Amino acid sequence: MKKIILFAVALSVICSCDFLEPIPTGNYTEENVTDYPKCVKGWLDSGYDSLIKHYGSFYYFHSEACCDNAALRDHSHAMWQMSQGNPSYEVTYMDIFMMWNECYRGVQFANMFLKDDVGLNMRYLEDQESNDVLRKTLQGDAYGLRAYFTFMLMRLFSGEGPDGQMLGVPLLTEHRLSVDPSGYVAKRATFDETCEQIIRDCDSALVYLPLANKDFLRETNETTIVTGAIRHRKLDKMAITAVKAFTYLAWASPAFCKDQAKARERYDLAARCAYEVFNYKMTKEYYKNVAGGYNPADSFLWSDSESPEILFVSQGLNNHNVERDVYPSGFSEGEAVMGPSQNLIDAYPMSNGYPIDDPENRGGYDPEHPYENRDPRFYSDIYYDARDIIRSRNGETMYTFEIADNGKDAPGQSGRTSPTGYYIKKFTYSNYNLADDTPDDGYRSVFYLRVNHMLMIFAEAANQVVGPLDESTYGMSAQRALKYIRAKKTVDGANGLGRRRDPYLDEVAAQGKEAFDKLVRNEWRGEFCFEGQRYFDIRRWGLLDKMNEPVRGVSITTDENGVKHYEYPVVDQHMYTSLWYPLPYKEMRISPEMVQNKGWEFYK
């Protein structure tokens, strides 16, 4: 039998000394591995190292251009080719395989640690009490990492098979230090089986992990400190509960669950998990009880990896990758890899919460001044015509976008400009300027899980079970959860819409479940734009029409009276025949029992 790629991944994990702690002889066997505790612990460190560390990846930035939130400048880009139904092997091999490979590498590191409880029974520290605590937390890390990586694989590669069955991904729950693939055939589990495995691993992790990685929650008298803030950037019970909430939400969603009774049960579990995390933040970590604690009204900075808003965060990096990807060539030699769509711009409501297409125009939308009085998040997320890049350190104007009248930053101009006429502001570090003598790179992390995720999950799931107004079933209404989202200060410190009152939210909540669900979906879109959410939401909602919605940009001209006129031409058109992402080409070639997702049957 041909050696399959999943075991190639496993073999690379074992043989790559770069990923392991140094050991005296440079090799080990199943018999002597317990002699090397640093090596065993190093498997988990390498597992965490396999996580994405920047937003400029398919899973985050680029997935927005696979739907209606953004458009790519370069049509040779792998994701644009995929949107045209043309994922050629040469174009997409690295993009598709990289995510598949990194996730399974993380799974295999966890499996190495869990095999025969080798990690749980290891002696890491001389102090017995500290050693016992460390062993437990590391066991929780292993189950948690396997759950999280499988969750990522589920989001990326699950889909409908050619026969209509909903499929998940191959489940790897065992690992052998001596790899012999001859008795193993890679095949996909069903979607239900994949979700069940994620939940099982989450529940196992909850047995071992601390409640949260906070010093004030440390319950043991550790001679050597192994819990609390020293575990920052590692999983804890709240992060794992958040993974469960996400999993139950996907499992309940229309594309994946046609049984209404089962969907209701899963929505209920999603709501309960999400509320458990939020309630923890509002009690144990509430700002009135703990210095620097969580306040749902407060803003946070993308450079603040210790914000109480965060549940699980990556390692921090000092670089200007985001700025390079989003700015035009006219500023800091940017690449303008993609630009936000007019579709997304139109999704931002007015500053009082009413949508721009409100029949009575109660928000006061003016098509001749379309950027005035919009949702404060719009100004934190988007650069548009005549907007300045302001250095936050001293208020200096470093650059002004010129998009009107075929300005230097308009679509199609020489150099590298956004194809839509808009630029991404979200995540950017406003002190970076390549023209400085010593450019100041921003320090950033990826916020894998944050409290606002839980509020959105709760709002969607609770509404599906009890509607938007019920306060008693869970201890909070779906409407209240959405109010927390909309009222929160922006990263720029501006008050959120509805900080004092939100009449549109109240109006929609009074209309019932269907109207409220429409608002929830729009809030998912705006709150988490460019964070890798929209693409996966559209898929789980089963909205192929949204995947193929014409992507519009802006064209601005000024007449002889100085009045600007706005047109919104189509700048991109996707041609998906399927909601699903294709499995890696090479995996299909060397795994004879692997089933490709519907719509990509030719891609094997």
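Computed from heavy atoms alone, side chains included, the values below leave out hydrogens, waters and symmetry copies. Computed from a prediction, not measured in an experiment: that's the story for all the values here. In this chain, residues are counted from 1 in sequence order.
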- [ ] Report yes if some heavy atom in the side chain of Ile199 is under 4.5 Å from a heavy atom in the side chain of Tyr248; otherwise report no.
- [x] yes
Task: Working for salt bridge (charged side-chain N to carboxylate O under 4.0 Å, His left out), residues Glu527 and Arg377 - done: CA-CA 8 Å; Glu527 176 65 22; Arg377 290 172 292 188; 3.0 Å; yes
Open item on the list: Check whether Asn121 reaches the backbone of Asp117 with its side chain - one donor and one acceptor, N or O, closer than 3.5 Å.
Closed with: yes
Open item on the list: If the condition is ring pair (Phe, Tyr, Trp, His ring centres under 6.0 Å), which residues does Phe536 pass it with, not counting sequence neighbours?
Closed with: Tyr59
TODO: Show your working on salt bridge (charged side-chain N to carboxylate O under 4.0 Å, His left out) between Asp132 and Lys136 and close with a plain yes or no.
DONE: CA-CA 6 Å; Asp132 289 344; Lys136 285 185 59 179; over 6 Å; no
Task: Asn431 versus Ser392, side-chain donor and acceptor atoms under 3.5 Å - done: yes
Task: Minimum side-chain heavy-atom gap Met594-Lys187 below 4.5 Å - done: no
Open item on the list: So does Leu206 get a backbone contact from the side chain of Tyr143, meaning a donor-acceptor N/O pair under 3.5 Å?
Closed with: no
Open item on the list: Asp440 vs Tyr429, test: side chain to side chain donor-acceptor pair (under 3.5 Å). Steps then yes/no.
Closed with: CA-CA 9 Å; Asp440 183 4; Tyr429 180 61; 3.0 Å; yes
Open item on the list: Using modelled atom types and a 3.5 Å cut-off, is there a donor and acceptor pairing between side-chain atoms of Arg146 and backbone atoms of Val107?
Closed with: no
TODO: For Phe113 and Val118, work out which heavy atoms get closest and say how close.
DONE: O-CG1, 3.2 Å
Open item on the list: Test of understanding: with salt bridge (charged side-chain N to carboxylate O under 4.0 Å, His left out), list the residues that count as partners of Asp537, not counting sequence neighbours.
Closed with: Arg540
Open item on the list: Please find the pair of heavy atoms, one from Tyr294 and one from Val451, that lie closest to each other, and give the distance.
Closed with: OH-CG1, 3.3 Å
- [ ] Any chance you could measure Arg135, atom CZ, to Ser130, atom OG, to the nearest 0.5 Å?
- [x] 11.5 Å
Task: Tyr280 versus Glu285, side-chain donor and acceptor atoms under 3.5 Å - done: yes
TODO: Spell out, as yes or no, whether a donor-acceptor pair under 3.5 Å connects the side chain of His232 to the backbone of Ala229.
DONE: no
Open item on the list: Could you walk me through whether Ser445 and Gln315 satisfy the side chain to side chain contact (heavy atoms under 4.5 Å, CB included) test, starting with their C-alpha distance in whole Å, then the side-chain angles of each, then the deciding distance to 0.1 Å, before giving a yes or no?
Closed with: CA-CA 6 Å; Ser445 304; Gln315 296 176 20; over 6 Å; no
Task: Inter- and intrachain pairs under side chain to side chain donor-acceptor pair (under 3.5 Å), touching residues 237-247, at least two apart - done: Asp203-Lys244
Open item on the list: Please check: side-chain N/O of Arg188 versus main-chain N/O of Gly168, any donor-acceptor pairing under 3.5 Å?
Closed with: yes
TODO: Please confirm whether Tyr48 and Phe109 have ring centers closer than 6.0 angstrom.
DONE: no
TODO: Classify the side-chain pair Asp74/Ser76 by whether it contains a donor and acceptor separated by less than 3.5 Å.
DONE: yes
TODO: Please answer whether the main-chain N or O of Leu583 pairs with a side-chain N or O of Gln596 as donor and acceptor at a distance below 3.5 Å.
DONE: yes
- [ ] Return yes if some donor-acceptor pair links the side-chain N/O of Asp236 with the main-chain N/O of Asn213 below 3.5 Å, else return no.
- [x] yes
Open item on the list: Taking the side chain as everything from C-beta on, heavy atoms only, tell me whether Val446 gets closer than 4.5 Å to Tyr60.
Closed with: yes
Task: Residues Gln108 and Arg105: side-chain donor-acceptor under 3.5 angstrom - done: no
Open item on the list: Could you check whether Arg233 and Ser305, counting side-chain N and O atoms only, form a donor-acceptor pair closer than 3.5 Å?
Closed with: yes
Task: Any donor-acceptor pair under 3.5 Å from Lys546 side chain to Gly542 backbone - done: no
Open item on the list: For a side chain to side chain contact (heavy atoms under 4.5 Å, CB included) check, start with the C-alpha distance between Ser299 and Thr490, then their side-chain angles and the critical distance, and finish with the verdict.
Closed with: CA-CA 5 Å; Ser299 63; Thr490 71; 5.8 Å; no
- [ ] Could you check whether the rings of Tyr148 and Phe312 sit parallel, tilted or perpendicular, using 30° and 60° as the cut-offs?
- [x] perpendicular
TODO: Examine distances only and state if a side-chain atom of Glu193 and a backbone atom of Thr190 form a donor-acceptor pair shorter than 3.5 Å.
DONE: yes
Open item on the list: Can you confirm whether or not the ring centre of Tyr581 sits under 6.0 Å from the ring centre of Phe157?
Closed with: yes
Task: Pairing residues for His54 by the ring pair (Phe, Tyr, Trp, His ring centres under 6.0 Å) criterion, not counting sequence neighbours - done: none
TODO: Mind telling me whether Phe447 and Phe300 have parallel, tilted or perpendicular rings, with 30° and 60° as the class edges?
DONE: tilted
TODO: Tell me whether the guanidinium CZ or amine NZ of Arg155 lies under 6.0 angstrom from the six-membered ring centre of Phe246 and within 45° of its axis.
DONE: yes
Task: Exceeds 12 heavy-atom contacts within 6.0 angstrom, atom CD of Glu335 - done: yes
TODO: Applying side chain to side chain contact (heavy atoms under 4.5 Å, CB included), run through Phe216 and Val290 and close with a yes or a no.
DONE: CA-CA 9 Å; Phe216 70 89; Val290 179; 4.0 Å; yes
- [ ] Decide yes or no on side chain to side chain donor-acceptor pair (under 3.5 Å) for Ser380 and Asp492, but give the supporting numbers first.
- [x] CA-CA 6 Å; Ser380 293; Asp492 296 326; 2.9 Å; yes
Open item on the list: Can you confirm whether the side chains of Glu460 and Trp541 place a donor and an acceptor under 3.5 Å from each other?
Closed with: yes
- [ ] May I have the step-by-step check of side chain to side chain donor-acceptor pair (under 3.5 Å) for Asn452 and Tyr484, ending in yes or no?
- [x] CA-CA 8 Å; Asn452 273 13; Tyr484 280 126; over 6 Å; no
Task: For Arg444, all residues meeting salt bridge (charged side-chain N to carboxylate O under 4.0 Å, His left out), sequence neighbours excluded - done: Glu323
Task: Set of ring pair (Phe, Tyr, Trp, His ring centres under 6.0 Å) partners for Tyr208, sequence neighbours left out - done: none
Task: Heavy-atom closest contact (Ala336 atom, Arg73 atom, distance) - done: O-NE, 3.2 Å
TODO: Please report the shortest heavy-atom distance between Ser50 and Phe149, naming the atom on each side.
DONE: CB-CZ, 3.8 Å
Open item on the list: Using every non-hydrogen atom in the two residues, find where Pro308 and Gly292 come nearest and quote the distance to one decimal.
Closed with: CG-O, 3.7 Å
Open item on the list: Check for me whether Arg534 meets the cation-pi criterion with Trp524, that is, NZ or CZ under 6.0 Å from the six-membered ring centre and within 45 degrees of the ring axis.
Closed with: no
Open item on the list: Parallel, tilted or perpendicular: which one describes the rings of Tyr576 and His574, with boundaries at 30° and 60°?
Closed with: perpendicular
Open item on the list: Please tell me whether Glu174 and Asn111 have a donor and an acceptor in their side chains that are separated by less than 3.5 angstrom.
Closed with: no
TODO: With Lys281 as the cation and Tyr286 as the aromatic partner, state whether NZ or CZ is under 6.0 Å from the six-membered ring centre and within 45° of the axis.
DONE: no
